[in-house]
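Taking it in order: structure first as structure tokens, then the write-up.
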Amino acid sequence: MKGVDVRANSYVSKTRIVDDGKSINRKGTLVRLVKYMMTYKYLLLLALFLTVGSNLLALVGPKLSGQAIGVIEADVFNVDIPKVLYYAVLMVVFYLASALLSYLLNILMIHISRKVVYRMRKDVFDKLMTMPVGYFDTHQSGDIISKISYDIDTINTSLSNDVIQVLASFITVVGSLAMMISISPQLVLIFVFTVPLSMILTKKITGMTRPLFRKRSAKLGELNGFVEEQISGQKTIKAYNQELNTIDKFDAKNKEAVDAYYKADYYGSVVGPTVNFINNLSLTLVGVFGAILYLKKVMLIGDISSFVLYSRKFSGPINETANLMSEFQSALAAAERVFNLMDELEETADAEDVIELSDVAGEVEFSDVSFGYTPEKRIINNFNLQVEPGKMIAIVGKTGAGKTTLINLLMRFYDVDEGEIAVDGNNINEVTRKSLRKSYAMVLQDTWLFHGTIFENIAYGKENATMEDVVRVAKAAKIDGFIRRLPEGYNTILSDDGTNISKGQKQLMTIARAMLLDANMLILDEATSNVDTRTEIQIQQAMRKLMENKTCFVIAHRLSTIRNADWILVVDNGEVAEQGTHEELMKKGGFYYNLYKAQFD
């Protein structure tokens, strides 16, 4: 037998811990974000052009202001008004042009961020479709939804606002510095002291806040997972009068999330005021030393005015960037969670030499199969079974005996640890998953319907299904009469997960959906648990007729529904305790006999 990859089997033990703050690569996260943005490099070049143009035009304003003041200073008693107005009009023109380019830039960045986020969300969803079942068995749905919605929205906000502000700030700072040097190199020496001080404090504070923002995203994911779980279980909560207990649990989760938010925002908000204080200090020093230079006739009033305006432009972006760091840290933490999901193990790819299953007869064989969801705990031990084509095999046993696990192995939702499973003599590890799963029609105890018409839900698994096809299987599943009594019949829209119909009716629709598939094997995992006994017997008869000459695997707790099975397997502790027909097992008076009697006595 070929070696089997069992990564999906031990998913719990092999999944990386991604929200504890220990396995984070900040540089790698930034590089991956940049790669997403570079997909639209020509739009980014246009954004860069608009950014440079807008900021350079804005930088001309203080120079013109200084020249206007210089005209006034030259002759206070005989001011050249036309020349002053000339400089003033030029300032207005430059500032208006800068504002227009800035507006266009904001529109462009929103467009770019929308494209990036669309692609990122699509990549995440596509990734989820390649993940093994084991991932969804070990991760809360609410936390996954939080990553694909809230975390990506956080990234979107940062890309559309923060990135362009940081870029604009860089250009403004460099341009302002160049202009200040051209006006007074002596006053620029003030910033040699204040700027490094700002950078050191900012780096130290952001180093403290980074884990806090990471924890904030993780706690929100936990809260979403808890809320999703409690909302879906409202009937159970009310039935057991657990409302107050659930509220207490929510309060605890909510407090953890709020505390995480508070700590991240509290320490993140320290950066802005700290840098702002240093900038105000530098502005004060500029005023003091500028006055000294004026008194010594080294500088003119106009030059000092221009220098002060440039110093504000120089320090303002530094302060804004410091304020943006908290938002950027939040976006970075969100991106880390999203990329960690993208880096999770995918379902093992089919080998290059695998074959496609076709014209499946339905012969299935388990040979010395052993399996456990985790390496330290085996559920199936040396299991052997041979099923002839067209036979109905019933699998019964106590809860936890391994019945559903057998179905997971048949469909390759999980791979065996030892032994092999064969369909028509082909090891299922040597055939494509797609062709293997298309060979089965499957109905689970947990019904799943999507928002859409009843026709669309029943025809879900079969392309080009006609109304006649859907009606035929609906009649066989004993659901046609109910559907026709609805106002829109088969065009009735089901709400999310079919919450506007009963569980039994949902289950009948999923059974009809399975009947419609052109599959040569059928799996029923407690598929009739939500219907009454009489309807269940009718459905079994109808399905038996529709599935003639097709192999059927039926898991059932209600033993009365499997009396007509060709073969019954009694599973206990992952092994076949008994097997035979209903009559044979009843005559033995063993495990099956006791199970059967326990249900009817």
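These numbers come from the heavy atoms of this one structure, side chains and all, not from hydrogens, waters or symmetry mates.
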Can you tell me how far [atom2] of [Y] sits from [atom1] of [X], rounded to the nearest 0.5 angstrom?
| X | Y | atom1 | atom2 | answer |
| --- | --- | --- | --- | --- |
| Glu418 | Arg378 | CD | CZ | 4.5 Å |
| Ile144 | Leu128 | CD1 | CG | 6.0 Å |
| Ser439 | Met521 | OG | CE | 4.5 Å |
| Phe371 | Ile379 | CZ | CD1 | 6.0 Å |
| Ile112 | Thr39 | CD1 | OG1 | 11.0 Å |
| Lys122 | Ile148 | NZ | CD1 | 11.5 Å |

Let's go through Ile454 and Leu486 carefully: what are the C-alpha distance in whole Å and the side-chain angles of both, what is the deciding distance for side-chain contact (heavy atoms from CB on, under 4.5 Å) to 0.1 Å, and is it a yes or a no?
CA-CA 10 Å; Ile454 290 176; Leu486 295 172; 3.4 Å; yes
Around Phe136, counting heavy atoms of other residues, nucleotides and ligands shown, do more than 12 lie under 6.0 Å from its CZ?
yes
Got a sec: does the OH of Tyr40 have more than 12 other heavy atoms crowding it under 6.0 Å?
yes
Looking only at heavy atoms, which two atoms of [X] and [Y] are closest? And how far apart?
| X | Y | answer |
| --- | --- | --- |
| Ala335 | Leu33 | CB-CD1, 4.0 Å |
| Ala514 | Met442 | CB-O, 4.2 Å |
| Ile155 | Ala331 | CG1-O, 3.9 Å |
| Val116 | Met37 | CG2-CA, 4.1 Å |
| Leu410 | Ile428 | O-CD1, 4.2 Å |
| Leu517 | Lys462 | CD2-N, 4.1 Å |

For residues 583-594, please give each side-chain donor-acceptor pair under 3.5 Å, one per line with the distance, not counting sequence neighbours.
residue: Glu584; atom: OE1; partner: Thr581; partner atom: N; Å: 3.1
residue: Tyr592; atom: OH; partner: His582; partner atom: ND1; Å: 2.8
residue: Asn594; atom: ND2; partner: Gly590; partner atom: O; Å: 3.2

Any sub-3.5 Å donor-acceptor pair from [X]'s side-chain atoms to [Y]'s backbone N or O?
| X | Y | answer |
| --- | --- | --- |
| Lys127 | Met342 | yes |
| Asp368 | Asn382 | no |
| Ser435 | Leu357 | yes |
| Asp424 | Ala361 | yes |

Non-hydrogen side-chain atoms of [X] and [Y] separated by less than 4.5 Å:
| X | Y | result |
| --- | --- | --- |
| Val416 | Phe383 | no |
| Leu508 | Phe482 | no |
| Asp143 | Lys147 | yes |
| Val133 | Asn408 | no |
| Phe553 | Asp525 | no |
| Met509 | Leu494 | yes |
| Glu488 | Ile493 | no |
| Arg484 | Val471 | yes |

Could you list the residues that satisfy side chain to side chain donor-acceptor pair (under 3.5 Å) with Ser113, not counting sequence neighbours?
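Testing Ser113 for side chain to side chain donor-acceptor pair (under 3.5 Å), a comparison that skips the adjacent residues, returns Asn156.
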Residues [X] and [Y] bridged, charged N to O under 4.0 Å:
| X | Y | value |
| --- | --- | --- |
| Arg437 | Glu347 | yes |
| Arg119 | Asp126 | no |
| Asp350 | Lys434 | no |

Strictly by modelled atom types, are Thr466 and Asp469 linked by a side-chain donor-acceptor pair under 3.5 Å?
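Yes, because at least one side-chain N or O of Thr466 sits under 3.5 Å from a partner of the opposite role on Asp469.
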Between Asn457 and Tyr490: side-chain donor-acceptor atoms closer than 3.5 Å
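No.
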Does the pair Asp153 and Arg121 meet the rule for a salt bridge (Lys or Arg N to Asp or Glu O under 4.0 Å), with working shown?
CA-CA 10 Å; Asp153 282 340; Arg121 189 168 279 135; 3.0 Å; yes
Partners meeting side chain to side chain contact (heavy atoms under 4.5 Å, CB included) with Asn245 (sequence neighbours left out)
Gln242, Lys249
Go through the steps for Asn429 and Arg412 under the test side-chain contact (heavy atoms from CB on, under 4.5 Å), then give the verdict.
CA-CA 8 Å; Asn429 291 306; Arg412 278 199 75 190; 3.4 Å; yes
Does the side-chain contact (heavy atoms from CB on, under 4.5 Å) test come out yes or no for Thr492 and Ile483, once each step is laid out?
CA-CA 8 Å; Thr492 300; Ile483 295 173; 6.0 Å; no
Criterion side-chain contact (heavy atoms from CB on, under 4.5 Å) on Glu363 and Gln386, from CA distance to verdict:
CA-CA 8 Å; Glu363 180 184 359; Gln386 185 162 1; 3.6 Å; yes
